[in-house]
Amino acid sequence: MSSKKYKACISGVHGYVPDYVLTNSELEKLVDTTDEWIVTRTGIKERRILKGELQGTSVLGVRCLEGLLEKTNTNPKDIDLIIVATVTPDMFFPSTANLIADKVGASKAYGFDISAACSGFLFALTTGCQFIESGTHKKVVVIGADKMSSIIDYDERKNCVLFGDGGGSVLLERSNDDTGIQDYILRSDGSGSDMLCLRGGGSLRPASIETIKNKDHYIYQEGSSVFKFAVTNMADISEEIMKKNNLSSDDVSYLVPHQANKRIIDATAKRMGVGPEKVLLNIEKYGNTTAGTIPLCLWDFEKKFKKGDNLILAAFGGGFTWGSLYLKWSYNN
Ligand code: ACO
(Lines give C-alpha, C1' and ligand atoms only; values in the text may rest on other atoms or scores of the structure.)
Protein backbone atom coordinates (compact mmCIF):
# COMPACT_ATOMS: atom_id res chain seq x y z
CA MET A 1 0.00 0.00 0.00
CA SER A 2 1.36 3.43 -0.94
CA SER A 3 2.07 5.83 1.93
CA LYS A 4 1.69 8.73 -0.50
CA LYS A 5 -1.13 11.00 0.65
CA TYR A 6 -0.27 13.97 -1.55
CA LYS A 7 1.74 14.83 -4.63
CA ALA A 8 4.66 17.23 -4.04
CA CYS A 9 5.15 20.15 -6.40
CA ILE A 10 7.69 22.91 -6.91
CA SER A 11 5.76 26.11 -6.21
CA GLY A 12 8.68 28.53 -6.68
CA VAL A 13 12.33 28.68 -7.67
CA HIS A 14 15.07 31.23 -7.15
CA GLY A 15 18.81 31.28 -7.80
CA TYR A 16 21.84 33.29 -6.88
CA VAL A 17 25.28 33.67 -8.41
CA PRO A 18 28.00 35.99 -7.06
CA ASP A 19 28.90 39.12 -9.03
CA TYR A 20 32.53 38.30 -9.81
CA VAL A 21 32.91 36.82 -13.33
CA LEU A 22 35.97 34.64 -13.94
CA THR A 23 36.36 34.44 -17.72
CA ASN A 24 38.31 31.96 -19.82
CA SER A 25 40.68 34.72 -20.87
CA GLU A 26 41.45 35.47 -17.22
CA LEU A 27 42.17 31.75 -16.66
CA GLU A 28 44.55 31.84 -19.65
CA LYS A 29 46.69 34.19 -17.54
CA LEU A 30 46.65 31.85 -14.51
CA VAL A 31 47.31 28.43 -16.09
CA ASP A 32 48.40 26.86 -19.38
CA THR A 33 45.02 26.77 -21.11
CA THR A 34 43.08 28.47 -23.90
CA ASP A 35 39.56 29.75 -24.35
CA GLU A 36 39.32 27.50 -27.41
CA TRP A 37 40.24 24.33 -25.41
CA ILE A 38 37.78 25.14 -22.64
CA VAL A 39 34.87 25.98 -24.96
CA THR A 40 35.31 23.00 -27.30
CA ARG A 41 35.91 20.45 -24.50
CA THR A 42 33.31 21.70 -22.03
CA GLY A 43 31.09 24.51 -23.40
CA ILE A 44 32.09 26.85 -20.54
CA LYS A 45 32.88 30.52 -21.24
CA GLU A 46 32.83 32.00 -17.74
CA ARG A 47 31.96 31.16 -14.15
CA ARG A 48 31.11 33.15 -11.01
CA ILE A 49 33.31 33.33 -7.91
CA LEU A 50 32.30 34.28 -4.37
CA LYS A 51 35.02 36.65 -3.19
CA GLY A 52 35.74 38.06 0.26
CA GLU A 53 36.71 36.89 3.71
CA LEU A 54 34.49 34.46 5.64
CA GLN A 55 32.05 33.94 2.80
CA GLY A 56 30.89 30.31 2.80
CA THR A 57 28.24 28.39 0.89
CA SER A 58 25.61 29.61 3.38
CA VAL A 59 25.96 33.09 1.80
CA LEU A 60 24.81 31.60 -1.54
CA GLY A 61 22.01 29.70 0.20
CA VAL A 62 20.78 32.73 2.15
CA ARG A 63 20.69 34.91 -0.97
CA CYS A 64 18.73 32.40 -3.04
CA LEU A 65 16.35 31.57 -0.20
CA GLU A 66 15.63 35.25 0.58
CA GLY A 67 14.71 35.73 -3.07
CA LEU A 68 12.52 32.63 -3.03
CA LEU A 69 10.63 33.75 0.10
CA GLU A 70 9.97 37.18 -1.38
CA LYS A 71 8.90 35.79 -4.73
CA THR A 72 6.52 33.19 -3.27
CA ASN A 73 5.28 35.55 -0.56
CA THR A 74 6.28 33.02 2.10
CA ASN A 75 6.77 33.86 5.76
CA PRO A 76 10.07 32.23 6.87
CA LYS A 77 8.32 31.05 10.04
CA ASP A 78 6.03 28.86 7.94
CA ILE A 79 8.90 26.74 6.61
CA ASP A 80 8.95 23.27 8.17
CA LEU A 81 12.24 21.95 6.81
CA ILE A 82 15.31 23.15 4.90
CA ILE A 83 17.50 20.61 3.08
CA VAL A 84 20.81 21.76 1.60
CA ALA A 85 22.70 19.73 -0.98
CA THR A 86 26.37 20.70 -0.93
CA VAL A 87 29.90 19.30 -0.92
CA THR A 88 31.29 22.60 0.30
CA PRO A 89 29.45 23.19 3.60
CA ASP A 90 30.57 26.20 5.64
CA MET A 91 31.79 23.67 8.24
CA PHE A 92 31.40 19.92 8.83
CA PHE A 93 28.99 20.90 11.56
CA PRO A 94 26.68 22.60 12.25
CA SER A 95 24.92 21.93 8.98
CA THR A 96 24.75 24.69 6.38
CA ALA A 97 20.96 24.28 6.41
CA ASN A 98 20.97 25.22 10.07
CA LEU A 99 23.03 28.36 9.42
CA ILE A 100 20.77 29.41 6.55
CA ALA A 101 17.61 28.85 8.62
CA ASP A 102 18.98 31.15 11.32
CA LYS A 103 19.95 33.91 8.86
CA VAL A 104 16.56 33.99 7.09
CA GLY A 105 14.50 33.76 10.30
CA ALA A 106 13.10 30.28 9.62
CA SER A 107 12.82 29.77 13.35
CA LYS A 108 10.37 26.85 13.24
CA ALA A 109 12.29 24.90 10.60
CA TYR A 110 14.81 22.16 11.20
CA GLY A 111 17.48 21.46 8.61
CA PHE A 112 20.16 19.11 7.43
CA ASP A 113 22.70 18.78 4.62
CA ILE A 114 22.95 16.08 1.98
CA SER A 115 26.21 15.09 0.31
CA ALA A 116 25.85 13.56 -3.15
CA ALA A 117 28.14 15.86 -5.16
CA CYS A 118 26.69 16.87 -8.53
CA SER A 119 23.61 14.70 -7.98
CA GLY A 120 23.06 16.36 -4.60
CA PHE A 121 20.12 18.49 -5.66
CA LEU A 122 18.21 15.49 -7.04
CA PHE A 123 18.92 13.47 -3.89
CA ALA A 124 17.76 16.40 -1.72
CA LEU A 125 14.68 17.07 -3.86
CA THR A 126 13.48 13.47 -3.61
CA THR A 127 14.14 13.51 0.14
CA GLY A 128 12.12 16.69 0.59
CA CYS A 129 9.39 15.21 -1.58
CA GLN A 130 8.82 12.36 0.93
CA PHE A 131 7.89 14.79 3.72
CA ILE A 132 5.29 16.48 1.51
CA GLU A 133 3.92 13.22 0.08
CA SER A 134 3.45 11.69 3.53
CA GLY A 135 1.52 14.77 4.68
CA THR A 136 3.80 15.46 7.66
CA HIS A 137 5.15 18.78 6.27
CA LYS A 138 3.57 21.59 4.28
CA LYS A 139 6.50 23.75 3.19
CA VAL A 140 9.92 22.26 2.49
CA VAL A 141 12.80 24.26 1.02
CA VAL A 142 15.44 22.43 -1.01
CA ILE A 143 18.67 24.26 -1.78
CA GLY A 144 21.56 23.15 -4.00
CA ALA A 145 24.61 25.37 -3.53
CA ASP A 146 28.37 25.08 -3.74
CA LYS A 147 31.32 27.36 -3.34
CA MET A 148 33.53 25.20 -5.56
CA SER A 149 36.27 27.88 -5.60
CA SER A 150 37.01 26.88 -1.97
CA ILE A 151 38.26 23.43 -3.08
CA ILE A 152 39.89 24.33 -6.41
CA ASP A 153 43.61 24.63 -7.05
CA TYR A 154 44.01 27.65 -9.34
CA ASP A 155 47.61 26.61 -10.13
CA GLU A 156 46.43 23.47 -11.90
CA ARG A 157 44.61 23.64 -15.24
CA LYS A 158 42.58 20.43 -15.14
CA ASN A 159 39.85 21.41 -12.68
CA CYS A 160 39.98 25.19 -12.31
CA VAL A 161 38.41 25.73 -15.72
CA LEU A 162 35.41 23.53 -14.92
CA PHE A 163 33.88 24.80 -11.71
CA GLY A 164 32.14 27.92 -10.39
CA ASP A 165 30.15 29.13 -7.37
CA GLY A 166 26.37 29.47 -7.19
CA GLY A 167 23.14 27.99 -5.94
CA GLY A 168 19.42 27.71 -6.34
CA SER A 169 16.44 26.92 -4.17
CA VAL A 170 12.94 25.54 -4.64
CA LEU A 171 9.85 25.56 -2.45
CA LEU A 172 8.04 22.23 -2.23
CA GLU A 173 4.36 22.16 -1.31
CA ARG A 174 1.31 19.94 -1.76
CA SER A 175 0.04 19.91 -5.31
CA ASN A 176 -3.62 20.82 -5.88
CA ASP A 177 -3.81 18.71 -9.03
CA ASP A 178 -1.90 16.08 -10.96
CA THR A 179 1.14 18.30 -11.58
CA GLY A 180 4.30 17.97 -9.48
CA ILE A 181 6.94 15.32 -8.93
CA GLN A 182 5.83 12.15 -10.70
CA ASP A 183 8.75 9.75 -10.40
CA TYR A 184 12.50 9.47 -9.82
CA ILE A 185 15.37 7.01 -10.01
CA LEU A 186 18.50 7.47 -7.87
CA ARG A 187 21.68 5.37 -7.94
CA SER A 188 25.13 5.31 -6.38
CA ASP A 189 28.28 3.24 -6.77
CA GLY A 190 31.08 3.68 -4.22
CA SER A 191 33.55 1.73 -6.36
CA GLY A 192 34.05 4.95 -8.34
CA SER A 193 34.87 7.00 -5.23
CA ASP A 194 38.62 7.28 -5.91
CA MET A 195 38.12 8.85 -9.33
CA LEU A 196 36.41 12.00 -8.08
CA CYS A 197 36.82 13.05 -4.47
CA LEU A 198 38.14 15.45 -1.87
CA ARG A 199 40.76 13.32 -0.15
CA GLY A 200 41.71 15.48 2.81
CA GLY A 201 39.99 16.98 5.81
CA GLY A 202 37.72 14.06 6.70
CA SER A 203 38.27 11.42 9.37
CA LEU A 204 40.36 9.31 6.96
CA ARG A 205 42.95 12.01 6.36
CA PRO A 206 42.41 14.81 8.89
CA ALA A 207 44.01 18.14 8.01
CA SER A 208 47.77 18.07 8.58
CA ILE A 209 50.93 19.61 7.12
CA GLU A 210 51.12 16.43 5.01
CA THR A 211 47.61 16.78 3.55
CA ILE A 212 48.31 20.41 2.69
CA LYS A 213 51.60 19.49 0.99
CA ASN A 214 49.79 16.77 -0.98
CA LYS A 215 47.05 19.23 -2.02
CA ASP A 216 44.50 16.83 -0.53
CA HIS A 217 42.12 19.71 0.25
CA TYR A 218 41.55 20.35 -3.43
CA ILE A 219 39.16 18.37 -5.62
CA TYR A 220 40.74 15.30 -7.27
CA GLN A 221 39.29 14.09 -10.56
CA GLU A 222 40.36 11.61 -13.22
CA GLY A 223 38.51 13.59 -15.86
CA SER A 224 38.43 11.25 -18.84
CA SER A 225 37.44 8.17 -16.74
CA VAL A 226 34.69 10.13 -15.00
CA PHE A 227 33.56 11.40 -18.40
CA LYS A 228 32.89 7.84 -19.65
CA PHE A 229 30.85 6.92 -16.56
CA ALA A 230 28.96 10.22 -16.73
CA VAL A 231 28.00 9.83 -20.40
CA THR A 232 26.80 6.24 -19.98
CA ASN A 233 24.96 6.61 -16.69
CA MET A 234 23.28 9.97 -17.27
CA ALA A 235 22.03 8.84 -20.68
CA ASP A 236 20.91 5.41 -19.36
CA ILE A 237 19.01 6.78 -16.39
CA SER A 238 17.27 9.48 -18.45
CA GLU A 239 16.11 6.90 -20.96
CA GLU A 240 15.06 4.60 -18.11
CA ILE A 241 12.76 7.16 -16.48
CA MET A 242 11.14 7.89 -19.85
CA LYS A 243 10.47 4.20 -20.47
CA LYS A 244 9.20 3.66 -16.92
CA ASN A 245 6.65 6.44 -17.41
CA ASN A 246 5.80 5.67 -21.05
CA LEU A 247 7.14 9.02 -22.21
CA SER A 248 8.13 9.47 -25.84
CA SER A 249 10.57 12.18 -26.86
CA ASP A 250 7.56 14.23 -28.04
CA ASP A 251 6.10 14.05 -24.52
CA VAL A 252 9.22 15.60 -22.98
CA SER A 253 8.99 19.40 -22.89
CA TYR A 254 12.50 20.02 -21.51
CA LEU A 255 15.61 18.22 -20.30
CA VAL A 256 17.11 19.99 -17.29
CA PRO A 257 20.57 18.43 -17.05
CA HIS A 258 23.39 18.80 -14.57
CA GLN A 259 25.85 21.19 -16.25
CA ALA A 260 29.28 19.53 -16.04
CA ASN A 261 30.17 19.26 -19.69
CA LYS A 262 28.15 20.10 -22.80
CA ARG A 263 29.33 16.88 -24.46
CA ILE A 264 27.78 14.78 -21.64
CA ILE A 265 24.53 16.73 -22.01
CA ASP A 266 24.49 16.27 -25.80
CA ALA A 267 24.95 12.50 -25.42
CA THR A 268 22.08 12.34 -22.91
CA ALA A 269 19.75 14.35 -25.16
CA LYS A 270 20.65 12.17 -28.14
CA ARG A 271 19.77 8.98 -26.23
CA MET A 272 16.45 10.53 -25.15
CA GLY A 273 15.76 11.56 -28.75
CA VAL A 274 15.14 15.19 -27.80
CA GLY A 275 16.33 18.07 -30.00
CA PRO A 276 18.53 20.96 -28.83
CA GLU A 277 15.49 23.26 -28.50
CA LYS A 278 14.39 21.16 -25.51
CA VAL A 279 17.77 21.03 -23.76
CA LEU A 280 18.28 23.74 -21.14
CA LEU A 281 21.85 24.97 -21.03
CA ASN A 282 23.53 27.67 -18.97
CA ILE A 283 26.93 26.01 -18.58
CA GLU A 284 28.54 28.76 -20.67
CA LYS A 285 27.70 31.36 -17.98
CA TYR A 286 28.28 29.50 -14.71
CA GLY A 287 30.36 26.35 -15.38
CA ASN A 288 29.79 23.44 -13.02
CA THR A 289 28.36 24.69 -9.71
CA THR A 290 27.93 21.05 -8.50
CA ALA A 291 24.67 20.92 -6.47
CA GLY A 292 23.75 24.36 -7.81
CA THR A 293 23.43 23.55 -11.51
CA ILE A 294 19.90 22.10 -11.73
CA PRO A 295 18.09 24.69 -9.57
CA LEU A 296 20.06 27.47 -11.30
CA CYS A 297 18.87 26.08 -14.61
CA LEU A 298 15.24 25.94 -13.42
CA TRP A 299 15.60 29.56 -12.29
CA ASP A 300 17.19 30.78 -15.53
CA PHE A 301 14.52 29.14 -17.71
CA GLU A 302 11.49 29.43 -15.40
CA LYS A 303 9.76 31.86 -17.76
CA LYS A 304 9.73 29.26 -20.53
CA PHE A 305 7.79 26.71 -18.45
CA LYS A 306 4.02 26.31 -18.68
CA LYS A 307 1.81 24.44 -16.28
CA GLY A 308 1.74 20.76 -17.25
CA ASP A 309 5.10 20.78 -19.09
CA ASN A 310 6.98 17.51 -18.66
CA LEU A 311 10.50 18.10 -17.35
CA ILE A 312 13.22 15.48 -17.00
CA LEU A 313 15.96 16.42 -14.52
CA ALA A 314 19.17 14.37 -14.75
CA ALA A 315 22.55 14.38 -13.02
CA PHE A 316 25.80 12.49 -12.55
CA GLY A 317 28.47 13.22 -9.97
CA GLY A 318 31.15 12.18 -7.53
CA GLY A 319 30.57 9.08 -5.46
CA PHE A 320 29.61 7.99 -8.04
CA THR A 321 26.02 9.20 -7.77
CA TRP A 322 23.44 9.70 -10.49
CA GLY A 323 19.73 10.09 -10.98
CA SER A 324 16.78 11.31 -13.00
CA LEU A 325 13.48 12.86 -11.97
CA TYR A 326 10.27 13.38 -13.89
CA LEU A 327 8.07 16.30 -12.95
CA LYS A 328 5.07 18.10 -14.38
CA TRP A 329 5.59 21.84 -13.97
CA SER A 330 2.95 23.32 -11.67
CA TYR A 331 2.49 26.98 -12.53
CA ASN A 332 2.47 29.58 -15.29
CA ASN A 333 4.54 32.73 -15.00
N1 ACO B 1 43.52 23.36 -20.88
C2 ACO B 1 44.27 22.81 -21.85
N3 ACO B 1 44.56 21.49 -21.89
C4 ACO B 1 44.06 20.74 -20.88
C5 ACO B 1 43.29 21.26 -19.84
C6 ACO B 1 43.02 22.64 -19.86
N7 ACO B 1 42.29 23.24 -18.92
N8 ACO B 1 42.94 20.26 -19.00
C9 ACO B 1 43.49 19.14 -19.49
N10 ACO B 1 44.17 19.42 -20.64
C11 ACO B 1 44.91 18.50 -21.50
C12 ACO B 1 45.33 17.25 -20.79
O13 ACO B 1 46.55 17.45 -20.07
C14 ACO B 1 45.49 16.30 -21.94
O15 ACO B 1 46.73 16.53 -22.55
P16 ACO B 1 47.63 15.31 -23.10
O17 ACO B 1 46.77 14.67 -24.17
O18 ACO B 1 48.83 15.98 -23.59
O19 ACO B 1 47.84 14.42 -21.91
C20 ACO B 1 44.41 16.73 -22.91
O21 ACO B 1 44.05 18.06 -22.54
C22 ACO B 1 43.16 15.86 -22.85
O23 ACO B 1 42.81 15.66 -21.49
P24 ACO B 1 41.54 14.83 -21.07
O25 ACO B 1 41.41 14.84 -19.60
O26 ACO B 1 41.59 13.51 -21.77
O27 ACO B 1 40.40 15.73 -21.75
P28 ACO B 1 38.90 15.44 -21.91
O29 ACO B 1 38.50 15.60 -23.31
O30 ACO B 1 38.48 14.19 -21.19
O31 ACO B 1 38.23 16.66 -21.11
C32 ACO B 1 37.20 17.06 -18.96
C33 ACO B 1 38.53 16.85 -19.73
C34 ACO B 1 36.58 18.34 -19.47
C35 ACO B 1 37.52 17.17 -17.49
C36 ACO B 1 36.27 15.86 -19.23
O37 ACO B 1 36.98 14.67 -19.05
C38 ACO B 1 35.06 15.85 -18.35
O39 ACO B 1 34.14 16.63 -18.52
N40 ACO B 1 34.95 14.89 -17.40
C41 ACO B 1 33.76 14.65 -16.60
C42 ACO B 1 33.51 15.73 -15.58
C43 ACO B 1 32.26 15.38 -14.79
O44 ACO B 1 31.19 15.18 -15.34
N45 ACO B 1 32.38 15.24 -13.47
C46 ACO B 1 31.26 14.82 -12.67
C47 ACO B 1 30.59 15.95 -12.03
S48 ACO B 1 31.68 16.89 -11.01
C49 ACO B 1 31.27 16.54 -9.34
O50 ACO B 1 30.58 15.60 -9.05
C51 ACO B 1 31.88 17.43 -8.23
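Throughout, numbering of the chain's residues begins at 1 and tracks the sequence. Whatever order the structure lists them in is the order used to number ligands and atoms, beginning at 1.
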Side chains of Lys45 and Lys285: closer than 4.5 Å at any heavy-atom pair?
no

Could you work out, with side chain to side chain donor-acceptor pair (under 3.5 Å) as the rule, every residue matching Glu26, not counting sequence neighbours?
Tyr20

Glu53 CD: over 12 foreign heavy atoms closer than 6.0 Å
no

Per-pair distances, ligand 1 N/O vs protein N/O, less than 3.5 Å:
from	atom 1	to	atom 2	distance (Å)
ligand 1	1 (N)	Thr33	OG1	2.6
ligand 1	3 (N)	Trp37	NE1	3.4
ligand 1	7 (N)	Thr33	OG1	3.2
ligand 1	7 (N)	Arg157	O	3.1
ligand 1	13 (O)	Arg157	NH2	2.9
ligand 1	21 (O)	Trp37	NE1	3.4
ligand 1	27 (O)	Arg41	NH1	3.3
ligand 1	29 (O)	Arg41	NH1	2.7
ligand 1	29 (O)	Arg263	NH2	3.1
ligand 1	37 (O)	Gly223	O	3.0
ligand 1	39 (O)	Asn261	ND2	2.7
ligand 1	40 (N)	Gly223	O	3.1
ligand 1	45 (N)	Gln221	OE1	2.9
ligand 1	50 (O)	Gly318	N	2.8

Given Trp322, which partner from the list Thr232, Asp189, Leu186 fulfils the side-chain contact (heavy atoms from CB on, under 4.5 Å) test?
Asp189

Check whether the ring centres of Phe301 and Phe305 lie less than 6.0 Å apart, and answer yes or no.
no

Distance to the ring centre below 6.0 angstrom and angle to the axis at most 45 degrees; does that hold for Arg47 and Tyr286?
no

